[in-house]
Structure formats: C-alpha cells, structure tokens
Number of protein chains: 2
Amino acid sequence: MTSLMDVAQRAGVSRQTVSNVLNAPDRVASPTRERVEAAIAELGYRPNRSAQNLRSRRSHLLGLDLKPTGPEEVSPVLDRFVHALSEEAARVGYHVLVFPRADDAAVTHLPLHATRTVDGFVLVDTEAHDRRVEVLAKNDVPFVTFGRSGGGVAHDAVDVDGHVGGRLAATEALSRGARRPAFVTWPKGSLAGDARLAGFLEVCAEAGIPGEDITVLRRLHRVEDGVEAALTLLRGDPTIDAIVASCDLLAVGVLRAVRSLALRAGHDVRVIGFDDSPIAAHLDPPLTTVGQPVREVAQRVISTFLARLDDPEAPVRVELLEPHLVVRLT
Amino acid sequence: MTSLMDVAQRAGVSRQTVSNVLNAPDRVASPTRERVEAAIAELGYRPNRSAQNLRSRRSHLLGLDLKPTGPEEVSPVLDRFVHALSEEAARVGYHVLVFPRADDAAVTHLPLHATRTVDGFVLVDTEAHDRRVEVLAKNDVPFVTFGRSGGGVAHDAVDVDGHVGGRLAATEALSRGARRPAFVTWPKGSLAGDARLAGFLEVCAEAGIPGEDITVLRRLHRVEDGVEAALTLLRGDPTIDAIVASCDLLAVGVLRAVRSLALRAGHDVRVIGFDDSPIAAHLDPPLTTVGQPVREVAQRVISTFLARLDDPEAPVRVELLEPHLVVRLT
DNA sequence: AACGTTAATTTGAACGTTCAAAGCAGCGTA
DNA sequence: TACGCTGCTTTGAACGTTCAAATTAACGTT
C-alpha cells in the first residue's frame with residue numbers, strides 16, 4: 001500500500017504538499033504540483049478511505065435497509081432507486097451500505113450509526129408511525145426518507161407529489177375523451193394511494209363529472225387484484241371508459257382483464273398506471289403511466305442528507321417533486 | 001462522540017485496558033473488568049469503526065455490484081442472496097456495499113479497492129470470460145463469485161451443483177410415474193442451464209428412457225417463453241407427462257399453458273421448476289422446484305472471502321453445494 | 001538596510017484504535 | 001534478601017490522513 005508519505009518522498013516534498021495537490025491544488029506552485037502529480041501517477045497512489053474517514057469523522061457511508069421481497073412482490077421503483085441512489089452518492093464521495101431490515105430499528109440501525117459504520121440512513125417504504133423513524137429521530141441519527149411518513153415526527157423527506165400525479169392521470173384520460181373514469185387503488189390509509197386518488201377526483205370534479213358516477217375500488221397491489229377489480233368494474237358498468245390504477249402492477253391486471261373481455265385498451269377503455277415500472281414499456285400495448293422522477297429523488301435525498309449532516313439543527317426539509325406523464329398507447 | 005479515552009478516564013484505567021475488556025476480556029482482572037463494563041454501559045460507548053478500519057487496514061466492507069434489473073426481469077435468487085449475504089457478513093463484522101455495475105470494472109471496481117473503500121468483491125451473474133473476473137484477478141483484488149465463470153481464470157467461487165439439481169428433478173418426475181419427460185431451458189452456452197440438463201438426461205438414461213424420446217426446448221427465461229414452450233411441447237406430443245424447466249419463471253409459464261389446455265399440473269403433467277423463487281410456493285397449485293441453498297451459499301462466500309483476505313497466496317477454492325428438492329403439488 | 005507582506009512549503013498534532021513492549025506489584029523460592 | 005516469575009496494567013508507537021500553526025523564501029517599501 002502506497003501512502004502519502006511514499007509519494008512525498010518520491011516527489012521530494014512533504015506529505016502535506018501531496019495532500020494539497022489533491023485537495024487544494026491552487027495552494028501549490030505549478031512545478032511542484034507537476035512533480036507530485038507525476039509521482040502519484042507513477043506509484044498509482046490512491047488516498048486511503050479509512051484514514052480519511054477517521055480524520056473527517058465521517059464514514060461516507062449511507063445505510064439502506066432492505067426488506068426481503070416477499071412472494072410475487074416486485075418493487076421496480078425501489079430497484080431503480082437503489083441504483084440511482086448509489087450513483088448519486090458516488091458523485092459526492094458517498095456509498096450505499098445495505099443491510100437486512102429487522103423488526104426493531106434499535107437492533108439494526110442504531111449500532112450501525114453508534115459505531116459510525118454509517119453516517120446515517122435512507123428509509124424507504126415508510127409507513128405511518130414508522131418505528132424506524134421514531135427510533136432514529138429520538139436518537140438524533142441523521143436520516144432522510146423517500147416518501148413521507150404519516151406519523152407525528154417531523155423529519156427530512158423527499159416525496160413525489162401523488163396529488164399532482166392523480167391529476168395528471170385524470171387529465172390525460174379525460175382529454176382523450178373519457179367520460180366515465182374509474183379508479184383502482186389500495187386499502188384506505190396508504191398515504192400515496194390516497195393522494196393519487198384525491199388528485200384524480202379533483203380533476204374529475206373540475207370537469208363536471210359527478211362524484212357518484214366515479215367508482216373507486218380498493219384492492220391489494222398484485223396483478224390478480226387488478227384483473228379482478230377491472231372485471232368487476234367493466235361488468236358492473238359497461239360504460240366505464242377509463243381505469244386509472246394506483247400502480248403499474250394493478251394496471252397490468254387491468255390490461256389483462258380488458259383484453260379478456262375483448263375490449264381494446266387505449267380505444268374502448270383508457271388504462272393508466274402509476275410508477276413507470278420497467279414492465280410498463282414492454283407490455284402490449286405499452287402502458288401509459290405516471291412516472292416518478294427516481295433519479296431526481298435520489299439526488300435530493302443525497303443533498304438533503306448532506307445538508308442534515310452539516311447542520312443537525314437546520315429546520316426539517318420536505319421536498320415534493322413533480323411526477324410526469326409517460327404517454328404510451330393505453 | 002465518546003471514545004476509549006472517555007471510558008478509560010471514567011473507569012480510572014488506561015485506554016488499552018478498555019480495549020482489552022472488549023477484545024480480550026480474560027486478560028483483565030474481574031473487578032477491573034466490571035468497572036470498565038459499567039463505564040461502557042453508562043457512557044453508551046461503541047468503538048469507532050473508522051479507527052478500527054485504519055488500524056486493521058481493513059474496511060470490513062464487501063463490494064457488490066448491482067446491474068439494473070431490466071423490464072420483466074426479476075431476480076428472486078439474487079434478491080434473497082443479497083439479504084443472506086448481508087446477514088452472514090454482519091455475523092463476522094462485515095457489511096455489504098452496493099454500487100451500480102458499469103461496463104468497465106476498471107472504472108467502478110478497481111478504484112473502490114485501491115482506496116480501500118472495500119476489501120474486495122462478491123460477483124454474481126458471472127458469464128464466461130467475464131471482464132470483471134479478468135480485471136480483478138489481474139490486479140490482485142480479492143473476490144469470490146456466486147456461480148462459476150467459464151473463463152480461463154481460476155478463482156474462488158461458490159456454486160450450486162446444477163448437475164445434481166437436474167438429477168433431483170428427473171428422479172422426482174420419474175418416481176411419480178412420468179415416462180415421457182421433457183426439458184425447457186435457456187439457449188446453449190449457459191453453464192447453469194447445461195449442467196441442469198445434463199443431470200436430467202443422465203437420470204433419464206439410467207431409467208432406460210431413450211434420448212430421442214426426450215424433447216429439449218431452448219427458450220429465454222421469461223414467463224411467456226415458458227407458456228409458448230409448453231404449448232409447443234404438449235401439442236406436439238400429448239403423451240408428455242412431465243416438464244422440467246430450468247427456472248421457476250419458465251415453470252410459471254409451463255403451469256399456465258398446462259392449465260390453458262385443461263390439464264392438471266401434478267396429475268396429468270408433472271411440472272418442476274428451478275430455484276425455489278418466492279413465487280413458487282404461492283402458485284396454484286404450488287410448484288415443486290429445485291431449491292438453492294442461498295443462505296449456505298452466502299455463508300461459504302463470506303468464509304471463502306475471509307480466507308482469501310487472510311492468505312492471498314492460498315490455492316483457489318471452488319465450493320460446490322447441493323441443491324435440494326422442494327416437493328409441493330406439481 | 002531593516003521591515004512587513006505574501007506565497008509556498010513544512011512541522012506538529014490529532015482523529016480513535018490496537019499491537020508490542022515495558023512497567024509494576026505480589027509472591028514463592030533459593 | 002535478592003531473584004525470577006506470573007498476572008495485570010500502562011506507555012509508546014503506528015495505521016494514513018488533514019487541519020492549524022509555524023517556517024522559509026522572495027520581494028517590494030520606505
């Protein structure tokens with residue numbers, strides 16, 4: 001392992017000068033700098049992260065807890081998020097450490113931070129009164145959530161505006177001529193689902209469609225649930241000409257049901273999903289969906305996190321990003 | 001942040017004694033140890049990982065590159081593996097750092113190791129002549145692969161014996177009375193797929209079933225491919241009474257096709273998959289499948305990795321684990 | 001010619017831990 | 001009484017970096 005000292009000796013300067021060449025090149029005279037740079041290149045020197053970590057009192061690591069994906073459960077958004085997050089983290093000298101989520105954050109999360117193995121956490125899939133949020137907040141552990149958590153604790157969060165997304169979906173459906181839209185979503189209590197529904201209903205109301213003409217079905221988020229819901233919907237009321245689903249998986253089911261009834265998605269019934277999962281583009285016909293700006297979410301999560309590290313006392317920051325409509329053929 | 005020194009002062013001993021209480025308790029007299037332990041508890045002291053890392057010249061981090069999961073692509077085994085790996089790593093004081101896979105390992109992997117951000121890597125989805133394997137081996141970077149890579153470079157690896165798995169599947173099918181089994185697998189060149197097929201054919205031969213009576217279809221690994229393959233198989237030869245698929249996703253398709261032909265999986269046609277994905281247990285009927293000992297793989301990967309760190313010159317170790325049959329209803 | 005100024009570089013110290021060696025009792029033995 | 005031994009504890013040093021302060025050189029001012 002070559003260290004600063006090795007480079008310094010080779011270039012005939014002190015270790016601090018080498019450090020300066022790397023961290024503050026303008027403090028070093030050009031000829032010296034070139035000599036040092038040559039030495040660095042010749043020796044293939046790379047600064048030791050552990051030493052930097054000790055000195056800076058930062059691990060430059062971000063903890064991310066993963067829960068095992070259950071049967072049938074796919075989390076396409078999470079998957080893209082992990083990628084985006086690790087890329088954005090790398091951009092600012094950070095990295096992502098993953099660990100298995102346990103029941104009690106005090107057992108898994110706290111020790112990781114107490115030992116300064118990580119500087120803090122990113123939480124996903126937060127639910128109302130999330131234990132993790134409560135435990136971390138109480139222990140002054142820096143963290144940022146992707147998605148707001150409904151609970152009583154105020155904390156840094158980055159979220160995609162579900163209300164706007166609902167509006168986008170409804171507007172798209174109506175602008176394509178739909179007059180009798182329906183909505184398939186999750187059981188009551190899901191923050192995201194309820195916001196999407198609210199936005200959807202708002203646009204419908206603005207368009208003069210009476211609330212009682214709009215059927216809202218609540219199911220789980222699996223494909224079969226989508227199939228069943230759509231069948232119920234279309235059999236119960238054949239005039240329904242648009243179905244918006246709270247997530248793409250449900251929309252996949254809707255699409256299937258539509259086809260099984262010999263209807264054409266995109267013609268007889270408009271179908272719109274949520275999240276722009278990788279599947280969406282590859283369905284037949286490709287699914288129109290409300291996309292989440294996953295990369296931007298990751299960016300904001302990182303910058304919010306760094307800001308929190310820099311100033312633990314700063315006011316809580318909640319960022320709300322705009323989703324976008326991905327118009328395809330349904 | 002409380003350090004060893006704080007604890008030492010509080011307990012009225014030297015920092016090294018505190019260190020000993022934690023790392024070699026038997027070197028410390030009982031009364032002293034108790035005093036120190038009390039101080040540790042009172043102050044809530046946890047040793048600083050960055051300092052330990054610097055001292056030990058280890059980051060205690062294992063790099064794992066993730067490639068973005070494409071459309072429709074689910075990797076149920078990988079998913080469980082990541083979990084198991086991070087758990088097994090934690091057991092020995094290690095953690096898993098994930099980062100996005102790029103085309104060139106020299107750009108993503110090498111710097112992570114040169115800076116000692118990670119101590120080495122775990123590679124999954126290795127293919128023949130994998131660039132990553134070549135680059136890491138050439139640069140003496142410690143790594144272990146899950147799954148053998150076909151290339152010319154010998155390296156540490158942990159794999160599940162596909163040949164045994166194929167035998168297991170065939171034996172199960174035949175012992176349930178099947179006389180005309182077929183096999184659906186991937187395009188030629190897949191190490192895992194070919195091994196599974198070979199084991200399968202071996203048992204069939206042993207049972208006296210002539211090779212020309214066994215149809216082998218090669219498709220991709222998606223559900224639709226399974227559907228199509230099974231339809232081709234069963235329409236082409238209605239006497240086929242067992243279909244073994246190289247992965248559960250294919251088997252899901254097979255199951256669907258079987259049902260669409262008004263046949264009963266498990267009665268008219270035996271269906272056996274591979275990998276015991278989370279889906280398998282929740283299908284209707286639940287899928288019989290050859291399971292991979294994912295947790296044990298993770299364990300072996302970790303122990304192999306540690307052995308490699310301890311002795312870079314040790315002979316290459318390739319571990320082959322036995323898969324197991326998960327008998328359900330098909 | 002002495003002095004202040006600025007730029008460039010070096011030295012000292014510290015981050016928190018652990019290894020290696022040294023120190024110190026207390027005790028039994030010669 | 002001196003010696004070595006054992007068990008327990010402390011001190012010194014080092015891992016590789018960077019901040020802060022000190023040093024040195026070069027140069028223009030008065």
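Chain letters run A, B, ... following the sequence lines, proteins first and then strands; every chain starts at 1.
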Look at all strands and tell whether [X] reaches a base, only sugar-phosphate, or nothing, counting heavy atoms closer than 4.0 Å.
| X | value |
| --- | --- |
| Asn23(A) | sugar-phosphate |
| Thr17(A) | base |
| Gln52(A) | sugar-phosphate |

TODO: May I ask you to check whether His95(A) and Phe99(B) place their ring centers less than 6.0 Å from one another?
DONE: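 No: the rings miss the under 6.0 Å criterion.
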TODO: Please say whether more than 12 non-hydrogen atoms of neighbouring residues, nucleotides or ligands are located less than 6.0 Å from CZ in Arg27(B).
DONE: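 No, the 6.0 Å shell around CZ holds no more than 12 heavy atoms from other groups.
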Open item on the list: Check this for me: Asp103(A), atom CG, are more than 12 non-hydrogen atoms of other residues, nucleotides or ligands nearer than 6.0 Å?
Closed with: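 No, because the 6.0 Å sphere around CG of Asp103(A) holds 12 heavy atoms or fewer from other groups.
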Looking at the side chain of [X], which of [options] is the nearest nucleotide?
| X | options | result |
| --- | --- | --- |
| Tyr45(A) | dT9(C), dT10(D), dT17(D) | dT17(D) |
| Leu54(B) | dG16(C), dT17(C), dT9(D) | dG16(C) |
| Gln16(B) | dG16(C), dA20(C), dT17(D) | dA20(C) |
| Arg15(A) | dT18(C), dT17(D), dT17(C) | dT17(D) |

Task: Cationic N near anionic O, under 4.0 Å, Glu296(B) to Arg300(B) - done: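 Arg300(B) and Glu296(B): salt-bridged.
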Task: dT9(C) phosphate, OP1 or OP2, under 4.0 Å from Thr32(A) side-chain N/O - done: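 For dT9(C), OP1 or OP2 has a side-chain N or O of Thr32(A) closer than 4.0 Å.
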- [ ] Report yes if at least one side-chain N or O of Ser19(A) is closer than 4.0 Å to OP1 or OP2 of dT18(D); otherwise report no.
- [x]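 So the side chain of Ser19(A) is within the cut-off, an N or O lying under 4.0 Å from OP1 or OP2 of dT18(D).
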From [atom1] of [X] over to [atom2] of [N], roughly how many Å is that when rounded to an integer?
| X | N | atom1 | atom2 | value |
| --- | --- | --- | --- | --- |
| Asn48(B) | dG16(C) | CG | P | 7 Å |
| Met5(B) | dA14(C) | CE | P | 11 Å |
| Met1(A) | dC15(D) | CE | C1' | 11 Å |
| Arg116(A) | dT17(C) | CZ | C1' | 16 Å |
| Leu22(A) | dG16(D) | CG | C1' | 13 Å |
| His60(A) | dT17(D) | NE2 | P | 14 Å |
| Asn20(A) | dA20(D) | CG | P | 13 Å |
| Gln9(B) | dT11(D) | CD | P | 12 Å |

Open item on the list: Quick one, Leu62(B) with Phe305(B), criterion side-chain contact (heavy atoms from CB on, under 4.5 Å). Give me CA distance, side-chain angles, the key distance, then yes/no.
Closed with: CA-CA 9 Å; Leu62(B) 206 55; Phe305(B) 181 75; 3.1 Å; yes
- [ ] Please figure out whether Arg55(B) or Ser14(B) has its closest DNA chain D nucleotide nearer the 5' end.
- [x]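 Checking each residue's closest nucleotide, the 5'-ward one belongs to Ser14(B).
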Task: Nearest-nucleotide 5' precedence on DNA chain D, Arg57(B) against Ser30(B) - done: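 Of the two residues, Ser30(B) wins.
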Open item on the list: Please compare Arg46(B) and Asp26(A) by the position of their nearest nucleotide in DNA chain C and report the one closer to 5'.
Closed with: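 This one resolves to Asp26(A).
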